[in-house]
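When a residue number appears, it is its place in the shown sequence, counting from 1. Values in this document were obtained by computation on a predicted structure and should not be read as measured data. Side chains included, hydrogens not; waters and symmetry mates left out as well; all remaining heavy atoms used.
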Amino acid sequence: MIWIDQQEILDRAIDSVVSQTVVAVDTEADSLHSYFDKVCLIQVSAASDDLVIDPLAGVDLKRFGEVLAESSITKVLHGADYDLRILNRDFGFTTSNLIDTMVSAQLLGYEAYGLGALLERHFGVTVNKAHQRADWAMRPLTPEMLEYATMDTRYLVALAEKLREELNALGRWEWAQEEFARLEAIRYREVPDDEEGWRKMKNLGNLDRRGHGVIRELYLWRDHLARTADRPPFKIIGNDALLEIAKEKPQTIGDLGKLKSVSQYHRSRYARQLVEIVKRVVAMPESELPERNEPKTWIRDKALEDRINRLKRVRDKIAAELKLDPGLLAPRHVLTAVASSGSLDDIPAMRNWQRTVVGDSLMQALKRD
């Protein structure tokens, strides 16, 4: 393993990487430890070297970005979607000539396609998962953390070759290539701040309308603190505590102290702010409170639903024969689009390989109307 936090060492390493035809790539970020996550490590395995690059050291990564974009070098990743997005977000990098071993395993019908499961299946290697939730922004990293990081790329090239052989044997390599090409087109897109994000919390149905007002204000308060401290919101205070506060609406510090989900730490640190938020919402006029998440009446189109179910049965049968996850062969939103339009045309979400494998059968099912 080569730790790289100096430009001279990085330049020498890239000189070696560019002479290869295939390299393995992975990243580690600190999303579990920061509000604004960032790429903290870049791992590259090339030939017999496992490189661990420290992007926090201020090294110039331009040449590494050129490696990613170079079409003559195959890049192997596992579960590439997130890596590609954050590399594009933080550095503007794009990737060409990509192989994703997770996608390959899914197209082979593997039930367990996590990297640990694949390494154990094909190489008899057991990965120590103790560092899955590690803070990769810490420095220095322990030897155990570095070993964990290198394991994410050390076997990827060999694994990709084994999976490619299996895909070729089943006539599914072209399916994989289409999926890889879609991954290469991934770019990071900024998600606007969601002031209604609180509505995604679980168990809101137990709250009355004023409780919804409390949870909204608590959610926004917590989000502000998390941004300011650059910490994940759950590390400020958990959802269970916010929900109990919204349900019980304590208006004194003594009442707050009776809530089981609010720890002594949170009471000592935030009690005054929490009580003030509750009191403010309790005093709000009804017109300023958010509407409850009332279940909306779904106007059911029984004929459409029948067509979707018919397509689903056809898809499930073919998926079982191919030993594929049905959702991989044709997700529900694709079935809905086909059932609605009565055609395979103009459905961008449907892959060419999916049309080839299941398209005719879906159309035959629709013709039975």
Novice: Could you check whether E286 pairs with R210 (Lys NZ or Arg NE/NH1/NH2 to Asp/Glu carboxylate O, under 4.0 Å)?
Specialist: yes

Novice: Any side-chain donor paired with an acceptor under 3.5 Å for Q43 and T153?
Specialist: no

Novice: Would you say M1 and V25 are hydrophobically clustered, going by side-chain heavy atoms of ILVMFWY under 4.5 Å?
Specialist: yes

Novice: Would you check if there is a donor-acceptor pair between the side chains of R189 and N88 at a distance under 3.5 Å?
Specialist: no

Novice: Quick one: do the W221 and Q273 side chains pair a donor with an acceptor below 3.5 Å?
Specialist: yes

Novice: Evaluate the ring planes of W198 and H212, with Trp represented by its six-membered ring, and classify them as parallel (under 30°), tilted (30 to 60°) or perpendicular (over 60°).
Specialist: perpendicular

Novice: Please determine if K312 and D316 form a salt bridge, counting it only when a charged side-chain N lies under 4.0 Å from a carboxylate O.
Specialist: yes

Novice: Show the nearest heavy-atom pair for residues L32 and P232, with the distance to one decimal.
Specialist: O-CG, 3.3 Å

Novice: Could you tell me whether the side chain of M145 reaches within less than 4.5 Å of the side chain of M138, counting heavy atoms only?
Specialist: yes

Novice: When you compare the side chains of H333 and T336, does any donor N or O come within less than 3.5 Å of an acceptor on the partner?
Specialist: no

Novice: Can you find a pair of side-chain heavy atoms, one from L77 and one from Y82, that are under 4.5 Å apart?
Specialist: no

Novice: Using a strict 4.0 Å threshold on nitrogen-to-oxygen distance, state whether D208 and K247 make a salt bridge.
Specialist: no

Novice: Less than 4.0 angstrom from a charged side-chain N to a carboxylate O is my criterion; do R351 and E179 meet it?
Specialist: yes

Novice: Do the side chain of N309 and the main chain of E305 share a donor and acceptor less than 3.5 angstrom apart?
Specialist: yes

Novice: Is V281 reachable from I253 through a run of hydrophobic residues whose side-chain heavy atoms are each under 4.5 Å from the next?
Specialist: yes

Novice: Are any of the side-chain nitrogens in R199 or E196 under 4.0 Å away from the carboxylate oxygens of its partner?
Specialist: yes

Novice: For Q7 and D11, test the side chains for any donor-to-acceptor distance below 3.5 angstrom and give the result as yes or no.
Specialist: yes

Novice: Could you tell me which non-hydrogen atom of L242 sits nearest to which non-hydrogen atom of L218, and how far apart they are?
Specialist: O-CD1, 3.6 Å

Novice: May I ask you to check whether N97 and T74 show a side-chain donor-acceptor distance below 3.5 Å?
Specialist: yes

Novice: Take I308 and V338 through the side chain to side chain contact (heavy atoms under 4.5 Å, CB included) test and state the conclusion after the steps.
Specialist: CA-CA 8 Å; I308 293 172; V338 174; over 6 Å; no

Novice: Any non-hydrogen side-chain atom of L41 less than 4.5 Å from a side-chain atom of T27?
Specialist: no

Novice: Would you kindly check if the NZ (Lys) or CZ (Arg) of R222 is within the cone defined by 45 degrees around the ring axis of Y270 and under 6.0 Å from the six-membered ring centre?
Specialist: no

Novice: Among residues at least two apart in sequence or on other chains, which ones pass side chain to side chain contact (heavy atoms under 4.5 Å, CB included) with E147?
Specialist: T150, M151, R154

Novice: Is a side-chain donor or acceptor of R307 paired with a backbone partner of L366 at a separation under 3.5 angstrom?
Specialist: no

Novice: Do Y219 and P233 make a side-chain contact, defined as non-hydrogen atoms from C-beta onward lying under 4.5 Å apart?
Specialist: no

Novice: Do any N or O atoms from the side chain of R172 and from the backbone of L107 form a donor-acceptor pair under 3.5 angstrom?
Specialist: yes

Novice: Any link between V125 and L163 through a network of hydrophobic side chains (Ile, Leu, Val, Met, Phe, Trp, Tyr) touching at under 4.5 Å?
Specialist: yes

Novice: What do the steps show when you test K38 against L56 for side chain to side chain contact (heavy atoms under 4.5 Å, CB included), and what is the final call?
Specialist: CA-CA 9 Å; K38 56 191 174 294; L56 304 183; 4.1 Å; yes

Novice: I'd like to know if E276 pairs up with R280 as an ion pair, taking the criterion as any Lys NZ or Arg NE/NH1/NH2 lying under 4.0 Å from an Asp or Glu carboxylate oxygen.
Specialist: no

Novice: Can you confirm whether F64 sits close enough to F93 that some side-chain heavy atom of one is under 4.5 Å from a side-chain heavy atom of the other?
Specialist: yes

Novice: Under 4.5 Å between any side-chain heavy atoms of V22 and I99, yes or no?
Specialist: no

Novice: Quick check: do V59 and D5 have side-chain heavy atoms less than 4.5 Å from each other?
Specialist: no

Novice: Starting at CG of L311, measure out to OG of S361 and round the result to the nearest 0.5 Å.
Specialist: 10.5 Å

Novice: Under a 4.5 Å cut-off applied to non-hydrogen side-chain atoms, are L304 and S340 in contact?
Specialist: yes

Novice: Can you tell me how far the CG atom of D152 sits from the CG atom of D26, to the nearest 0.5 Å?
Specialist: 4.5 Å

Novice: Side chains of Y35 and R231: donor-acceptor distance under 3.5 Å anywhere?
Specialist: no

Novice: Is it the case that the side chain of K75 and the backbone of V67 share a donor-acceptor pair, with hydrogens and angles ignored and the cut-off at 3.5 Å?
Specialist: yes

Novice: Is there a side chain to side chain contact (heavy atoms under 4.5 Å, CB included) between V275 and T252? Walk through the geometry before answering.
Specialist: CA-CA 6 Å; V275 168; T252 68; 5.5 Å; no

Novice: Between atom CD1 of I9 and atom CD1 of I53, what is the distance when rounded to the nearest 0.5 Å?
Specialist: 11.5 Å

Novice: Compare every heavy atom of A105 with every heavy atom of Y113, then report the nearest pair and how far apart it is.
Specialist: CB-CB, 3.7 Å

Novice: Any carboxylate oxygen within less than 4.0 angstrom of a Lys/Arg side-chain nitrogen, looking at D15 and R63?
Specialist: yes

Novice: Could you give the distance from CE (M363) to CZ (R355), rounded to the nearest 0.5 Å?
Specialist: 10.5 Å

Novice: Evaluate the criterion side chain to side chain contact (heavy atoms under 4.5 Å, CB included) for residue pair E217 and V278; output intermediate values, then yes/no.
Specialist: CA-CA 8 Å; E217 298 305 311; V278 173; over 6 Å; no

Novice: State whether a side-chain donor-acceptor pair under 3.5 Å links D37 with S34.
Specialist: no

Novice: In Å, rounded to the nearest 0.5 Å, how long is the span from CZ of R315 to CG of L328?
Specialist: 10.5 Å

Novice: Determine whether a donor-acceptor pair (N or O, by modelled atom type, separation under 3.5 Å) exists between the side chain of D100 and the backbone of A80.
Specialist: yes

Novice: With no hydrogens and no angle check, just 3.5 Å: does a side-chain donor-acceptor pair link Q354 and W175?
Specialist: no

Novice: Can a salt bridge be assigned to the pair K162 and E166 using a cut-off of 4.0 Å between side-chain N and carboxylate O?
Specialist: no

Novice: Taking it one step at a time, do T95 and E184 satisfy side chain to side chain donor-acceptor pair (under 3.5 Å)?
Specialist: CA-CA 6 Å; T95 304; E184 290 171 11; over 6 Å; no

Novice: Where does the angle between the aromatic ring planes of Y155 and F123 fall among parallel (under 30°), tilted (30 to 60°) and perpendicular (over 60°)?
Specialist: tilted

Novice: Would you check if the side chain of R292 reaches a backbone N or O of L207 as a donor-acceptor pair within less than 3.5 Å?
Specialist: yes

Novice: If you measure from the Lys or Arg side-chain nitrogens to the Asp or Glu carboxylate oxygens, is any gap between K258 and E248 under 4.0 Å?
Specialist: no

Novice: Would the F180 and W173 ring centres measure less than 6.0 Å apart?
Specialist: yes

Novice: Hey, what do you get for CD1 (I236) to NE2 (H224), rounding to the nearest 0.5 Å?
Specialist: 10.5 Å

